[in-house]
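As a basis for the values below, the full set of heavy atoms in this structure was taken, side chains included, without hydrogen atoms, waters or symmetry mates. The model shown is predicted, which means the values in this text are computed figures rather than measured ones. Residue numbering restarts at 1 for every chain, and letters A, B, ... go by the order of the sequence lines.
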2 protein chains.
Amino acid sequence: MVMEDKQITILGAGLVGSLLSIFLAKKGYQVTIYERRPDMRKAGAIGGRSINLALSHRGLKALDAVGIKEKVQESCIPMPGRMIHDLEGNLDFQPYGKEGQFINSVSRGGLNELLVNEAEANGVKVEFEHRCTDVDLANASASFDNGTTVTADFLFGADGAFSALRSAMQKTDRFNYSQEYITAGYKELTMPPTANGDFALDPGALHIWPRGEYMLIALPNLDKSFTCTLFFPFEGPISFEALKTEADVTAFFNEKFKDAVPHLYNLEKEFFENPTSSLITVRCSPWVKGNTALIGDAAHAIVPFYGQGMNSGFEDCYVFNQLLEKHGDINEALLSEYQSLRIPDGNAIADLALYNFIEMRDKVADEGFILQKKIEKKLNQQYPDKWVPLYSMTTFSDFRYSEAHALGRKQQAIMDKVLEKPEIAQDWENLDLEEIVNLL
Amino acid sequence: MVMEDKQITILGAGLVGSLLSIFLAKKGYQVTIYERRPDMRKAGAIGGRSINLALSHRGLKALDAVGIKEKVQESCIPMPGRMIHDLEGNLDFQPYGKEGQFINSVSRGGLNELLVNEAEANGVKVEFEHRCTDVDLANASASFDNGTTVTADFLFGADGAFSALRSAMQKTDRFNYSQEYITAGYKELTMPPTANGDFALDPGALHIWPRGEYMLIALPNLDKSFTCTLFFPFEGPISFEALKTEADVTAFFNEKFKDAVPHLYNLEKEFFENPTSSLITVRCSPWVKGNTALIGDAAHAIVPFYGQGMNSGFEDCYVFNQLLEKHGDINEALLSEYQSLRIPDGNAIADLALYNFIEMRDKVADEGFILQKKIEKKLNQQYPDKWVPLYSMTTFSDFRYSEAHALGRKQQAIMDKVLEKPEIAQDWENLDLEEIVNLL
């Protein structure tokens, strides 16, 4: 059987499903994507999850492999660091990495449309308004709410955190699965351009108002607006539940996010009209059953705090494509290697993302944390191959997430000891860096 | 509304569902149980999970509260300890607790029939052959595969590890859920009475052939047979997968379970004809949604290695009944207290049960473990209120599982240090027990 005769079904025309389809089409497979929602190119802005995303090295690497990195970068806004806003509105810029390293604010809707167009240009068929209701794992066949059933040689579930393929897998014996929600949810708010048509804040940063148990963040959009997101407990004394009236919201924002308030559009109205969404982490194993495989959020939905949801999904596609080149076709050896590589990495980035909520909402405002960043920067400058800070390993490198996670734990244990030294705040520039690096 | 007008639906006429129905009926509720399987009293032996179970203090306490402890005990075989079988067939009896403490081998089928009869005698209606296909959480209504839908004031899911109620809950926002399988499965084998109608082994013990990564166990039945269960890896060099022929099975059993082989009935045939079953742990939170609640395995399915699956489910019923007496009716305060008490205890016994597989299959044959048991026995004799061994807390006490788990960890840390002492194997009788107890 030549590859051109091989039919592949992909559930989900989101970011990961459409990128995967391009990789597979370029290898010669006949690919059809089935998507629950209407065509986003006709329906205008798509609903669902966050409006903009942070695209970084892993995602760009995958886009580059299908030749569309430059095209995507045209719509990116580089964010070389975090801009921390304190209660008084004082600003502190913290670079994410080295000079010239940055993450990219990109519109989810725009990127998704570009990928679907690109998929179709590569011969992929995309069928919208097909909600999958059941999957036959052995036969790689999917049934849809319109009564049709399609059978292929192989089926991918790129159908997100509430994947229909994964639901089918969950009913089989010995399928390990967990879904866990954090106690905080999120709400998006709009920060439009200023009266004279400018960005309301510096567009060259991801803005954070870290407030301990919660935070507000803002990412720039191409239309010079920012999308702000409040990550906030659902219940408790300071929570979505506790802010009951417009006056409560006004008072709370004036106290906690004073410098953001003048720029927010119709805050009180948006606060009560925009949805409050929950934040799930999904882990499962195996990712492969019969002639089907999970990929992206369907396999490993994570919280958004490391900006790695899309990037890790794109890296799944990249790795799958590398394995296709190694094994020649989708076979048992490939599938076994795919899941044995990516399951530990999916679990690692899930852990890292959960941890990064604490870092973003709390630690970035902490003196010890800021000092650690300075020391690590020096370590990295002097020993660029030996000491790469965890954030950089995750965001700007090809380190496997699981390796970055393990190495990060080791680094943190070393840094905890360094920061315990008396007078470290004064003496940190005199540290014996070689001694520290040798502890790794 | 008086209680007599309150309708309660219970999904599942297994051990927990039928016991719960008795508690509720005795409080005056109108209870109907819907059970997927046919009436076990007509269909003969019921299928499904293990044939016999170890009933201990928590289960007996709950049975006593509905006045049927003595009736159940008539069908119990006391097992005051473990009988360890080494490779040569040498025996070592290890008491479970103090003089007079024992666990009870009881037939799942017999106990279930007794409970269903008792439920009906208390006015509970039991509808068999009703498989629940969907639950409406807010309305406490359940739909069944025969097309009927019933609505009640409250609905319990006592429908086991693959609960339909829990499936419905899993689709709601912010429901935390995990299902995890261990890498071993199990297979039941029959050890009939001897030719002259006697037990083939001492019936006053739970027999264990601990072999490191796997084990065989045997529990006595009233008909003087034993039910043996092999807990064994699914895959790997020594596994179900690796034993491919009858000759493989014969050779393996002759090498590893030499003294059991002469007593096993048709070993090779049963080995390939009896099912190999998997072992799941389920955790979730919340256990209450709308007018529904989970109980027993539906809320916290655990592996069988602590003999606490049924006991913990019965204790759920006991605690629920205590809360009913405190709160007067099933209301928000009761439900909130129910889950805040029982979720941590369900998680604790899940952890303990997973750990006990290692203890049973491996540690019971270990000299350090045996020495620890001796030291702990002395500690308990001298300080009965201060030092209760973990096994006794779990099996013979009312300690909350979560408290037993926490205290057990503390004890183990202390014992680890005690066992590190040089010459401890010789000098253990001279230990300063007061010093050890004061470390707690």
Over 12 non-hydrogen atoms of neighbours within 6.0 angstrom of CD in B/E235: yes

A/R36, CZ atom: more than 12 neighbouring heavy atoms under 6.0 Å: no

Per-residue contact mode, A/T183 against chain B (heavy atom under 4.5 angstrom): backbone

Contacting moiety of A/F175, where chain B heavy atoms sit under 4.5 Å: both

Closest heavy-atom pair and its distance - A/Y181, B/D173: CE2-OD1, 3.6 Å

Most chain A-contacting option - heavy-atom pairs closer than 4.5 Å, from B/S285, B/S178, B/S167, B/G185: B/S178

Leading residue by heavy atom contact count with chain A [cutoff under 4.5 Å; candidates B/K171, B/E180, B/R174]: B/R174

